[in-house]
Amino acid sequence: MNYRHAFHAGNACDVVKHAAFSLVLKTLTSKGGPLTVLDTHAGAGIYDLQDAEALKTGESQQGIARLWKGLQKEMETESLPSSSPLTSPLDLLAPYQTVLARLNPEGNTLRFYPGSPLVAREILRPAQEGTSADRLVACELHSETFSTLQNLFRRLPVAPGPEVQLHRRDGYEALKALMPKPGERGLVLIDPPYEEEGEWDRLTTAVRDIGRRWPGGRAMIWYPLKDRSTIWRWHESLRAEGVPGLLAAECRLEEDARSDRLAGTGLVFVNPPWRLEETLVQLFPLLQRLLDAPCPGTSLTWITPSRD
Ligand code: SAM
């Protein structure tokens, strides 16, 4: 396990993933009973973009630094995002922007970058009269990274907020053990580093397990837009599993020709929220514009049709 997300946090692909994750979470928590988020590959939860690792690659400069500046510029000309029905595409970024702003109250430059467990923690709901709190279950295998995650959550106030469980364990094994029960509302986020043999097969198995043991369950899987033939084979293997409602959403930022270079963010959703594709078709071009993507492209494909 050599991968450290601190070198890559806030890069353009990370930003696309977190913006989409925020939007999906906001949608799922806007109504309905308690939601469980199971984050199988959680990372450290927070990243200081002035740390040596972040400065060494400088990846956040083309990512969150650009988005943050772009958003501020847009806000000068547009009205602030509101909680009212969506009036401008910029409102699609409001859930993510709110999390970023809370963490960086100084405003002008963005120093602290939230990872997926912190994004979830900020959007999930505390207990309210008669309703239990949402729940975040975050797993991270690397011991030092897990300690950082644990320390972060020790510093955060317990209430008001969702119920939180952190585990130092293998995310795929945790998915088997901790998958929500049929009928429970939840979202599994699977965001592995893709540095070990067999990762794509483990993802296919995870989707099969969700389809069998948690019918109607929801998941979001991040994948790198790199090698087209690998992605094509993976999508075919998912199709062969016959789990209904698999949507592949790809946000390309760079030219797609080379297999050794990350060209963008791919997401496979299991049972995406209703009409998510209509939202992503607006969100991705907005992100591509704000990130100044040299070769933007959006693709939304149902690998298997949804049940409804
Ligand atoms: N989801 C995080 C976010 O969006 O902020 C980033 C996750 S990063 C891409 C992948 C993480 O998975 C790394 O922190 C790595 O240490 C961890 N990891 C690698 N293999 C794992 C496994 N089998 N189970 C759980 N965590 C694992």
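Both ligands and their constituent atoms are indexed starting at 1 by order of listing.
Nearest protein heavy-atom contact of atom 4 (O) of ligand 1 is His18 NE2, 2.7 Å. Regarding atom 24 (N) of ligand 1, its nearest protein heavy-atom neighbour is Gly171 N, 2.8 Å. Of the protein's non-hydrogen atoms, Glu140 OE2, 3.4 Å is the one closest to atom 15 (C) of ligand 1. For atom 23 (N) of ligand 1, the closest heavy atom belonging to the protein is Asp170 OD1, 2.6 Å. The single protein non-hydrogen atom nearest to atom 6 (C) of ligand 1 is Asp191 OD2, 3.3 Å, given as residue, atom name and distance. For atom 8 (S) of ligand 1, the closest non-hydrogen atom on the protein side is Tyr3 CE2, 3.6 Å. When hydrogens are left out, the protein atom nearest atom 26 (N) of ligand 1 is Leu141 N, 3.3 Å; that is the closest non-hydrogen contact.
Checked against a 3.5 angstrom limit, the closest N/O atoms of His5 and ligand 1 fall outside it. Considering backbone and side-chain atoms alike, Ser116 places an N or O below 3.5 Å from some N or O of ligand 1. Checked against a 3.5 angstrom limit, the closest N/O atoms of Lys17 and ligand 1 fall inside it.
In terms of modelled atom types and a separation under 3.5 Å, the side chain of Ser60 and the main chain of Asn11 share no donor-acceptor contact. At distances below 3.5 Å, at least one donor-acceptor pair connects side-chain atoms of Arg239 with backbone N or O atoms of Ile303.
Below 30°, between 30° and 60°, or above 60°: for Tyr194 and Trp200 the angle between ring planes is between 30° and 60°, a tilted geometry. By the 30° and 60° cut-offs, the orientation of the rings of His18 relative to Tyr96 is tilted.
Using a 4.0 Å cut-off between heavy atoms, Arg4 makes no contact with ligand 1 at all. Residue contacts with ligand 1, taken as heavy atom pairs separated by less than 4.0 Å, involve Ala42 solely via the backbone atoms N, CA, C and O. When non-hydrogen atoms are compared, ligand 1 lies under 4.0 Å from neither the backbone nor the side chain of Glu196.
With a 6.0 Å radius and a threshold of 12 heavy atoms from other residues, nucleotides or ligands, Glu144 has its CD atom at or below the threshold. The environment of Glu278 atom CD is dense: over 12 non-hydrogen atoms of other residues, nucleotides or ligands sit within 6.0 angstrom.
Note: the hydrophobic cluster containing Leu49 does not contain Phe7 (ILVMFWY, side chain heavy atoms under 4.5 Å, direct or indirect links). Taken together through direct or relayed side-chain contacts under 4.5 Å among Ile, Leu, Val, Met, Phe, Trp and Tyr, Tyr3 and Leu149 form parts of separate hydrophobic clusters.
The distance from ligand 1 to the heavy atoms of Gly43 drops below 4.0 Å at these ligand atoms: 14 (O). Ligand 1 places these atoms under 4.0 Å from at least one heavy atom of Gly115: 5 (O). Taking a cut-off of under 4.0 Å to the non-hydrogen atoms of His142, the atoms of ligand 1 that pass are 16 (O).
The residue from Asp191, Thr265, Asp14 that alone fulfils the side-chain hydrogen bond (donor to acceptor under 3.5 Å, both in side chains) condition with Trp222 is Thr265.
At least one heavy atom of Arg169 sits closer than 4.0 Å to an atom of ligand 1. Put simply, part of Thr40 is less than 4.0 Å from ligand 1, judged by heavy atoms.
Within the set Glu199, His41, Arg202, the minimum heavy-atom distance to atom 21 (C) of ligand 1 is found for His41.
For an aromatic pair to be called close, the ring centres must be under 6.0 Å apart, and Tyr223 with His235 satisfies this.
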TODO: Begin with the C-alpha distance, continue with both residues' side-chain angles, and end with the deciding distance and a verdict on salt bridge (charged side-chain N to carboxylate O under 4.0 Å, His left out) for Lys56 and Glu53.
DONE: CA-CA 5 Å; Lys56 185 160 182 206; Glu53 289 100 326; over 6 Å; no
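Using a 4.5 Å heavy-atom cutoff, the side chains of Asn151 and Arg155 are in contact.
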